[in-house]
Protein chains: 2
Amino acid sequence: MNEKESNLAFLGRYSCPVEATVDVIGGKWKSVIVYHLLDGTKRFNELKRLNKGITQRMLTLQLRELEASGIVHREIYRQIPPKVEYSLTEFGRSLEPLILFMRNWGLENMEKVLENREKHETNQS
Amino acid sequence: MNEKESNLAFLGRYSCPVEATVDVIGGKWKSVIVYHLLDGTKRFNELKRLNKGITQRMLTLQLRELEASGIVHREIYRQIPPKVEYSLTEFGRSLEPLILFMRNWGLENMEKVLENREKHETNQS
DNA sequence: CTGTATCCGAGAGGATACTG
DNA sequence: CAGTATCCTCTCGGATACAG
(Lines give C-alpha, C1' and ligand atoms only; values in the text may rest on other atoms or scores of the structure.)
Protein backbone atom coordinates (compact mmCIF):
# COMPACT_ATOMS: atom_id res chain seq x y z
CA MET A 1 0.00 0.00 0.00
CA ASN A 2 2.71 2.50 0.99
CA GLU A 3 1.65 5.83 -0.50
CA LYS A 4 -0.76 4.33 -2.98
CA GLU A 5 -3.62 6.19 -1.36
CA SER A 6 -2.21 9.19 0.37
CA ASN A 7 -5.22 11.43 0.77
CA LEU A 8 -7.92 9.25 2.22
CA ALA A 9 -9.32 11.55 4.85
CA PHE A 10 -12.77 11.32 3.31
CA LEU A 11 -12.81 7.58 3.75
CA GLY A 12 -13.66 8.29 7.35
CA ARG A 13 -14.12 5.06 9.21
CA TYR A 14 -12.61 3.06 6.39
CA SER A 15 -8.91 2.38 6.43
CA CYS A 16 -8.98 1.11 2.87
CA PRO A 17 -11.15 1.86 -0.18
CA VAL A 18 -11.84 -1.83 -0.73
CA GLU A 19 -13.45 -1.89 2.68
CA ALA A 20 -15.72 0.95 1.62
CA THR A 21 -16.96 -0.98 -1.41
CA VAL A 22 -17.53 -4.05 0.73
CA ASP A 23 -19.68 -1.90 2.96
CA VAL A 24 -21.95 -1.12 0.00
CA ILE A 25 -22.30 -4.50 -1.72
CA GLY A 26 -21.04 -6.80 1.00
CA GLY A 27 -23.08 -9.33 2.87
CA LYS A 28 -24.69 -12.50 1.70
CA TRP A 29 -27.31 -11.04 -0.62
CA LYS A 30 -26.59 -7.54 -1.88
CA SER A 31 -24.36 -8.35 -4.83
CA VAL A 32 -26.72 -11.09 -5.97
CA ILE A 33 -29.68 -8.74 -5.79
CA VAL A 34 -27.81 -6.15 -7.84
CA TYR A 35 -26.91 -8.88 -10.31
CA HIS A 36 -30.54 -9.75 -10.84
CA LEU A 37 -31.39 -6.11 -11.33
CA LEU A 38 -28.81 -5.73 -14.10
CA ASP A 39 -31.23 -6.89 -16.74
CA GLY A 40 -33.97 -4.52 -15.78
CA THR A 41 -36.66 -3.49 -13.38
CA LYS A 42 -38.08 -6.17 -11.13
CA ARG A 43 -40.96 -6.45 -8.70
CA PHE A 44 -40.55 -7.55 -5.13
CA ASN A 45 -41.76 -11.10 -5.58
CA GLU A 46 -39.77 -11.49 -8.77
CA LEU A 47 -36.62 -10.70 -6.82
CA LYS A 48 -37.73 -13.07 -4.12
CA ARG A 49 -38.01 -15.86 -6.65
CA LEU A 50 -34.69 -15.04 -8.33
CA ASN A 51 -32.73 -14.87 -5.08
CA LYS A 52 -33.43 -18.43 -4.11
CA GLY A 53 -33.57 -19.01 -0.41
CA ILE A 54 -33.90 -15.42 0.64
CA THR A 55 -36.68 -14.59 3.07
CA GLN A 56 -39.05 -11.67 2.66
CA ARG A 57 -37.53 -10.01 5.65
CA MET A 58 -33.95 -10.22 4.36
CA LEU A 59 -34.95 -9.08 0.89
CA THR A 60 -36.66 -6.04 2.35
CA LEU A 61 -33.71 -5.21 4.58
CA GLN A 62 -31.10 -5.58 1.85
CA LEU A 63 -33.16 -3.56 -0.64
CA ARG A 64 -33.55 -0.78 1.93
CA GLU A 65 -29.80 -0.62 2.47
CA LEU A 66 -29.09 -0.59 -1.25
CA GLU A 67 -31.68 2.16 -1.58
CA ALA A 68 -30.06 4.17 1.21
CA SER A 69 -26.71 3.96 -0.55
CA GLY A 70 -28.30 5.20 -3.76
CA ILE A 71 -27.74 1.97 -5.67
CA VAL A 72 -31.36 0.94 -6.06
CA HIS A 73 -34.46 2.95 -6.87
CA ARG A 74 -37.84 2.02 -5.42
CA GLU A 75 -40.95 2.96 -7.33
CA ILE A 76 -44.26 2.55 -5.54
CA TYR A 77 -47.51 2.24 -7.46
CA ARG A 78 -50.43 2.96 -5.19
CA GLN A 79 -52.77 0.27 -6.33
CA ILE A 80 -54.63 -2.62 -4.89
CA PRO A 81 -52.97 -5.01 -4.85
CA PRO A 82 -49.81 -2.96 -4.33
CA LYS A 83 -47.04 -2.94 -6.86
CA VAL A 84 -43.46 -1.92 -6.13
CA GLU A 85 -40.73 -1.93 -8.71
CA TYR A 86 -37.02 -1.99 -8.03
CA SER A 87 -34.39 -0.87 -10.47
CA LEU A 88 -30.77 0.20 -10.51
CA THR A 89 -30.06 3.89 -10.34
CA GLU A 90 -27.51 5.34 -12.71
CA PHE A 91 -25.16 5.26 -9.78
CA GLY A 92 -25.96 1.62 -9.20
CA ARG A 93 -25.14 0.93 -12.85
CA SER A 94 -21.55 1.92 -12.10
CA LEU A 95 -21.29 -1.37 -10.26
CA GLU A 96 -22.18 -3.38 -13.35
CA PRO A 97 -18.60 -4.24 -14.40
CA LEU A 98 -17.87 -5.40 -10.87
CA ILE A 99 -20.90 -7.64 -10.66
CA LEU A 100 -20.35 -9.06 -14.12
CA PHE A 101 -16.76 -9.84 -13.24
CA MET A 102 -17.98 -11.64 -10.14
CA ARG A 103 -20.44 -13.59 -12.24
CA ASN A 104 -17.82 -14.58 -14.80
CA TRP A 105 -15.22 -15.44 -12.21
CA GLY A 106 -17.72 -17.65 -10.45
CA LEU A 107 -18.67 -19.40 -13.65
CA GLU A 108 -15.08 -19.99 -14.69
CA ASN A 109 -13.47 -20.86 -11.40
CA MET A 110 -15.95 -22.36 -9.02
CA GLU A 111 -15.08 -25.91 -9.95
CA LYS A 112 -11.45 -25.23 -9.19
CA VAL A 113 -12.34 -23.66 -5.85
CA LEU A 114 -14.34 -26.72 -4.86
CA GLU A 115 -11.48 -28.98 -5.95
CA ASN A 116 -8.98 -26.95 -3.96
CA ARG A 117 -11.12 -27.12 -0.88
CA GLU A 118 -11.47 -30.87 -1.10
CA LYS A 119 -7.74 -31.30 -1.59
CA HIS A 120 -7.07 -29.02 1.37
CA GLU A 121 -9.57 -30.99 3.40
CA THR A 122 -7.83 -34.34 2.81
CA ASN A 123 -4.43 -32.80 3.50
CA GLN A 124 -5.62 -31.68 6.90
CA SER A 125 -6.77 -35.15 7.93
CA MET B 1 -31.77 -14.08 -15.68
CA ASN B 2 -33.89 -16.27 -18.02
CA GLU B 3 -31.53 -18.67 -19.80
CA LYS B 4 -28.41 -16.61 -19.19
CA GLU B 5 -26.88 -19.50 -17.31
CA SER B 6 -28.49 -22.68 -18.48
CA ASN B 7 -25.99 -25.34 -17.48
CA LEU B 8 -25.13 -24.62 -13.88
CA ALA B 9 -25.25 -28.08 -12.42
CA PHE B 10 -21.67 -27.77 -11.21
CA LEU B 11 -22.54 -24.76 -9.12
CA GLY B 12 -23.95 -27.18 -6.63
CA ARG B 13 -25.29 -25.33 -3.66
CA TYR B 14 -25.09 -22.02 -5.44
CA SER B 15 -28.09 -20.80 -7.35
CA CYS B 16 -26.07 -18.05 -8.98
CA PRO B 17 -22.41 -17.65 -9.96
CA VAL B 18 -22.17 -14.32 -8.15
CA GLU B 19 -23.04 -16.14 -4.96
CA ALA B 20 -20.14 -18.50 -5.58
CA THR B 21 -17.67 -15.64 -5.84
CA VAL B 22 -19.07 -14.07 -2.70
CA ASP B 23 -18.41 -17.36 -0.96
CA VAL B 24 -14.71 -17.05 -1.83
CA ILE B 25 -13.98 -13.38 -1.13
CA GLY B 26 -17.03 -12.44 0.91
CA GLY B 27 -17.04 -11.45 4.54
CA LYS B 28 -15.62 -8.46 6.29
CA TRP B 29 -11.91 -9.10 5.70
CA LYS B 30 -11.10 -11.42 2.80
CA SER B 31 -11.15 -8.94 -0.05
CA VAL B 32 -9.11 -6.44 1.95
CA ILE B 33 -6.53 -9.10 2.75
CA VAL B 34 -6.26 -10.06 -0.91
CA TYR B 35 -5.92 -6.39 -1.75
CA HIS B 36 -2.93 -6.03 0.53
CA LEU B 37 -1.35 -9.11 -0.97
CA LEU B 38 -1.58 -7.68 -4.48
CA ASP B 39 1.73 -5.89 -4.15
CA GLY B 40 3.63 -8.89 -2.96
CA THR B 41 4.41 -11.38 -0.25
CA LYS B 42 3.65 -10.35 3.30
CA ARG B 43 4.35 -11.75 6.73
CA PHE B 44 1.64 -12.39 9.26
CA ASN B 45 2.26 -9.31 11.35
CA GLU B 46 2.61 -7.13 8.28
CA LEU B 47 -0.87 -8.17 7.26
CA LYS B 48 -2.07 -7.56 10.76
CA ARG B 49 -0.79 -4.01 10.60
CA LEU B 50 -2.18 -3.35 7.12
CA ASN B 51 -5.64 -4.65 7.93
CA LYS B 52 -6.28 -2.13 10.62
CA GLY B 53 -8.56 -3.37 13.34
CA ILE B 54 -8.35 -7.06 12.53
CA THR B 55 -7.60 -9.41 15.39
CA GLN B 56 -5.03 -12.17 15.22
CA ARG B 57 -7.77 -14.70 15.41
CA MET B 58 -9.72 -13.29 12.48
CA LEU B 59 -6.61 -12.85 10.35
CA THR B 60 -5.68 -16.47 10.92
CA LEU B 61 -9.18 -17.71 10.15
CA GLN B 62 -9.56 -15.66 6.99
CA LEU B 63 -6.10 -16.62 5.72
CA ARG B 64 -6.92 -20.29 6.29
CA GLU B 65 -10.10 -20.02 4.27
CA LEU B 66 -8.35 -18.19 1.46
CA GLU B 67 -5.68 -20.87 1.54
CA ALA B 68 -8.29 -23.62 1.39
CA SER B 69 -9.84 -22.02 -1.68
CA GLY B 70 -6.43 -21.89 -3.33
CA ILE B 71 -6.24 -18.10 -3.37
CA VAL B 72 -3.39 -17.68 -0.92
CA HIS B 73 -0.15 -19.59 -0.47
CA ARG B 74 1.39 -20.05 2.96
CA GLU B 75 5.12 -20.55 3.22
CA ILE B 76 6.47 -21.61 6.59
CA TYR B 77 10.10 -21.06 7.51
CA ARG B 78 11.07 -23.26 10.41
CA GLN B 79 13.11 -20.82 12.38
CA ILE B 80 13.12 -19.34 15.80
CA PRO B 81 11.38 -17.01 15.93
CA PRO B 82 9.00 -18.45 13.36
CA LYS B 83 8.46 -16.76 10.02
CA VAL B 84 5.45 -17.31 7.79
CA GLU B 85 4.94 -15.62 4.47
CA TYR B 86 1.67 -15.22 2.67
CA SER B 87 1.34 -14.59 -1.05
CA LEU B 88 -1.26 -14.85 -3.77
CA THR B 89 -1.26 -17.98 -5.84
CA GLU B 90 -1.53 -17.68 -9.58
CA PHE B 91 -5.16 -18.57 -9.11
CA GLY B 92 -5.52 -15.82 -6.54
CA ARG B 93 -4.03 -13.37 -9.04
CA SER B 94 -7.08 -13.94 -11.22
CA LEU B 95 -8.99 -11.91 -8.66
CA GLU B 96 -6.75 -8.88 -9.16
CA PRO B 97 -9.02 -7.03 -11.61
CA LEU B 98 -11.94 -7.53 -9.27
CA ILE B 99 -10.11 -6.22 -6.23
CA LEU B 100 -8.69 -3.27 -8.12
CA PHE B 101 -12.13 -2.39 -9.38
CA MET B 102 -13.40 -2.48 -5.83
CA ARG B 103 -10.56 -0.24 -4.74
CA ASN B 104 -11.19 2.27 -7.52
CA TRP B 105 -14.94 2.24 -7.06
CA GLY B 106 -14.48 2.90 -3.37
CA LEU B 107 -12.09 5.75 -4.01
CA GLU B 108 -14.33 7.37 -6.58
CA ASN B 109 -17.75 6.86 -5.07
CA MET B 110 -17.54 6.63 -1.33
CA GLU B 111 -18.26 10.28 -0.82
CA LYS B 112 -21.41 9.97 -2.86
CA VAL B 113 -22.50 6.90 -0.93
CA LEU B 114 -22.11 8.74 2.36
CA GLU B 115 -24.04 11.70 0.97
CA ASN B 116 -26.83 9.44 -0.23
CA ARG B 117 -27.10 7.78 3.12
CA GLU B 118 -27.35 11.08 4.93
CA LYS B 119 -30.00 12.32 2.53
CA HIS B 120 -31.93 9.09 2.96
CA GLU B 121 -31.59 9.43 6.71
CA THR B 122 -33.14 12.90 6.82
CA ASN B 123 -35.92 11.84 4.45
CA GLN B 124 -36.88 9.07 6.84
CA SER B 125 -37.17 11.36 9.83
C1' DC C 1 6.78 -14.11 15.75
C1' DT C 2 2.92 -16.76 14.63
C1' DG C 3 -0.10 -18.66 16.04
C1' DT C 4 -4.30 -21.62 19.48
C1' DA C 5 -7.76 -21.80 22.92
C1' DT C 6 -11.61 -19.86 25.31
C1' DC C 7 -15.13 -17.10 26.16
C1' DC C 8 -18.40 -13.68 24.94
C1' DG C 9 -21.53 -10.20 22.69
C1' DA C 10 -23.72 -8.28 18.78
C1' DG C 11 -25.85 -8.68 14.84
C1' DA C 12 -26.78 -11.26 10.61
C1' DG C 13 -29.98 -14.04 9.07
C1' DG C 14 -34.17 -17.39 9.35
C1' DA C 15 -39.28 -19.00 10.52
C1' DT C 16 -43.65 -17.80 11.14
C1' DA C 17 -47.64 -15.06 11.62
C1' DC C 18 -50.04 -11.06 10.58
C1' DT C 19 -51.56 -6.54 7.72
C1' DG C 20 -52.87 -2.56 4.36
C1' DC D 1 -48.64 -8.08 -3.43
C1' DA D 2 -45.48 -6.20 -0.59
C1' DG D 3 -44.48 -5.72 3.15
C1' DT D 4 -44.18 -5.60 9.30
C1' DA D 5 -43.71 -7.70 13.58
C1' DT D 6 -41.85 -11.12 16.59
C1' DC D 7 -39.04 -14.35 18.05
C1' DC D 8 -35.19 -17.25 17.65
C1' DT D 9 -30.68 -19.36 16.17
C1' DC D 10 -26.22 -19.27 15.03
C1' DT D 11 -22.25 -17.53 13.07
C1' DC D 12 -19.10 -13.72 12.73
C1' DG D 13 -16.06 -11.33 14.90
C1' DG D 14 -13.76 -9.25 19.20
C1' DA D 15 -11.01 -9.68 23.80
C1' DT D 16 -7.93 -11.96 26.29
C1' DA D 17 -4.78 -15.37 27.64
C1' DC D 18 -1.60 -18.78 26.57
C1' DA D 19 1.94 -21.73 23.63
C1' DG D 20 5.73 -23.42 20.34
Side-chain angles (χ1 to χ4, degrees), chain A residues 13-16 18-19 22-34 36-37 41-69 72-87 120 123-125, chain B residues 13-16 18-19 22-34 36-37 41-69 72-87 117 120 123-124:
Chain A
R13 34 198 267 251
Y14 306 117
S15 58
C16 158
V18 175
E19 200 182 337
V22 169
D23 191 38
V24 174
I25 47 143
K28 188 175 178 182
W29 296 108
K30 289 204 195 70
S31 53
V32 182
I33 291 173
V34 171
H36 285 123
L37 286 173
T41 298
K42 297 268 181 300
R43 298 183 60 171
F44 184 84
N45 273 354
E46 275 185 278
L47 285 173
K48 188 161 177 314
R49 253 173 283 117
L50 290 170
N51 294 265
K52 281 170 198 165
I54 199 171
T55 58
Q56 270 182 329
R57 178 185 129 87
M58 286 312 296
L59 182 55
T60 303
L61 287 175
Q62 303 306 305
L63 282 170
R64 289 299 179 283
E65 287 180 27
L66 288 169
E67 197 191 352
S69 301
V72 159
H73 172 69
R74 177 160 168 252
E75 187 71 38
I76 309 170
Y77 298 84
R78 305 202 168 281
Q79 313 171 344
I80 294 182
K83 170 177 167 184
V84 180
E85 286 188 341
Y86 293 92
S87 56
H120 196 259
N123 288 355
Q124 300 308 68
S125 58
Chain B
R13 34 198 266 249
Y14 306 117
S15 58
C16 158
V18 175
E19 200 182 338
V22 169
D23 192 36
V24 173
I25 47 144
K28 189 176 179 183
W29 297 108
K30 289 205 195 69
S31 54
V32 182
I33 292 172
V34 171
H36 286 123
L37 286 174
T41 298
K42 297 269 181 300
R43 296 185 59 174
F44 185 83
N45 273 356
E46 275 184 277
L47 286 174
K48 187 162 178 313
R49 254 174 282 118
L50 290 170
N51 294 265
K52 283 172 197 163
I54 198 171
T55 58
Q56 272 182 329
R57 178 185 129 86
M58 286 314 294
L59 183 53
T60 303
L61 287 175
Q62 302 307 305
L63 283 169
R64 289 299 179 284
E65 287 180 26
L66 288 169
E67 197 193 351
S69 301
V72 159
H73 172 69
R74 179 161 167 251
E75 187 70 38
I76 307 171
Y77 298 85
R78 306 203 167 279
Q79 313 171 342
I80 294 182
K83 171 176 165 185
V84 180
E85 286 187 342
Y86 293 91
S87 56
R117 286 185 185 167
H120 196 258
N123 288 356
Q124 300 309 67

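Convention: sequence-line order gives letters A, B, ...; per-chain numbering from 1.
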Could you tell me how far apart [X] ([atom1]) and [N] ([atom2]) are, to the nearest whole angstrom?
{"X": "A/Leu63", "N": "C/dG13", "atom1": "CG", "atom2": "P", "value": "14 Å"}
{"X": "A/Ile80", "N": "D/dC1", "atom1": "CD1", "atom2": "P", "value": "14 Å"}
{"X": "A/Gln62", "N": "D/dA2", "atom1": "CD", "atom2": "P", "value": "18 Å"}
{"X": "B/Lys48", "N": "C/dG3", "atom1": "NZ", "atom2": "C1'", "value": "12 Å"}
{"X": "A/Arg78", "N": "C/dG20", "atom1": "CZ", "atom2": "C1'", "value": "11 Å"}
{"X": "A/Gln79", "N": "D/dC1", "atom1": "CD", "atom2": "C1'", "value": "10 Å"}
{"X": "A/Leu59", "N": "C/dA15", "atom1": "CG", "atom2": "C1'", "value": "16 Å"}
{"X": "B/Phe44", "N": "C/dT4", "atom1": "CZ", "atom2": "C1'", "value": "11 Å"}

request  = Report yes if a donor N or O on one partner sits less than 3.5 Å from an acceptor N or O on the other, where the partners are the side chain of B/Arg57 and the base of D/dG13; otherwise report no.
outcome  =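 Such a pair exists between side chain and base.
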
message = Could you check whether any side-chain heavy atom of A/Arg74 comes within less than 4.5 Å of a side-chain heavy atom of A/Val84, counting everything from C-beta outward?
response =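 A/Arg74 reaches A/Val84 side chain to side chain.
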
request  = Check whether any side-chain heavy atom of A/Leu47 sits under 4.5 Å from a side-chain heavy atom of A/Leu37, and report yes or no.
outcome  =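 Counting from C-beta outward, A/Leu47 and A/Leu37 do come under 4.5 Å.
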
ask   = Is the number of heavy atoms from other residues, nucleotides or ligands within 6.0 Å of CD1 (B/Ile76) greater than 12?
value =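 Counting other residues, nucleotides and ligands, CD1 of B/Ile76 exceeds 12 neighbours.
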
request  = Output yes when a side-chain donor or acceptor of A/Glu19 lies under 3.5 Å from a complementary backbone atom of A/Ser15, and no otherwise.
outcome  =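 Judged by distance alone, yes, a pair lies under 3.5 Å.
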
inquiry  = Categorize A/Tyr77 for me: base, sugar-phosphate, or nothing, with a 4.0 angstrom heavy-atom threshold over every strand shown.
reply    =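 Counting heavy atoms under 4.0 Å across all strands, no contact is made by A/Tyr77.
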
Below the 4.0 Å mark, does [N] have OP1 or OP2 next to a side-chain nitrogen or oxygen of [X]?
{"X": "A/Lys28", "N": "D/dC12", "answer": "no"}
{"X": "A/Tyr86", "N": "D/dG3", "answer": "yes"}
{"X": "B/Arg64", "N": "C/dG3", "answer": "yes"}

Tell me which nucleotide among [options] gets nearest to the side chain of [X].
{"X": "A/Arg74", "options": "C/dT2, C/dG14, D/dG3", "result": "D/dG3"}
{"X": "B/Met58", "options": "C/dT2, C/dG13, D/dG13", "result": "D/dG13"}
{"X": "A/Gln56", "options": "D/dG14, C/dT2, D/dT4", "result": "D/dT4"}
{"X": "A/Val84", "options": "C/dG13, C/dC1, D/dA2", "result": "D/dA2"}
{"X": "A/Arg43", "options": "D/dG13, D/dG3, D/dA2", "result": "D/dA2"}

inquiry  = On DNA chain C, does the nearest nucleotide to A/Pro82 precede the nearest nucleotide to A/Gly27 from the 5' side, or the other way round? Give the residue.
reply    =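 Its nucleotide being nearer the 5' end, the pick is A/Gly27.
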
inquiry  = Checking A/Trp29 against B/Val22 for the side chain to side chain contact (heavy atoms under 4.5 Å, CB included) test, could you report, in this order, the C-alpha distance in whole Å, the side-chain angles of both residues, the deciding distance, and whether it holds?
reply    = CA-CA 9 Å; A/Trp29 296 108; B/Val22 169; over 6 Å; no

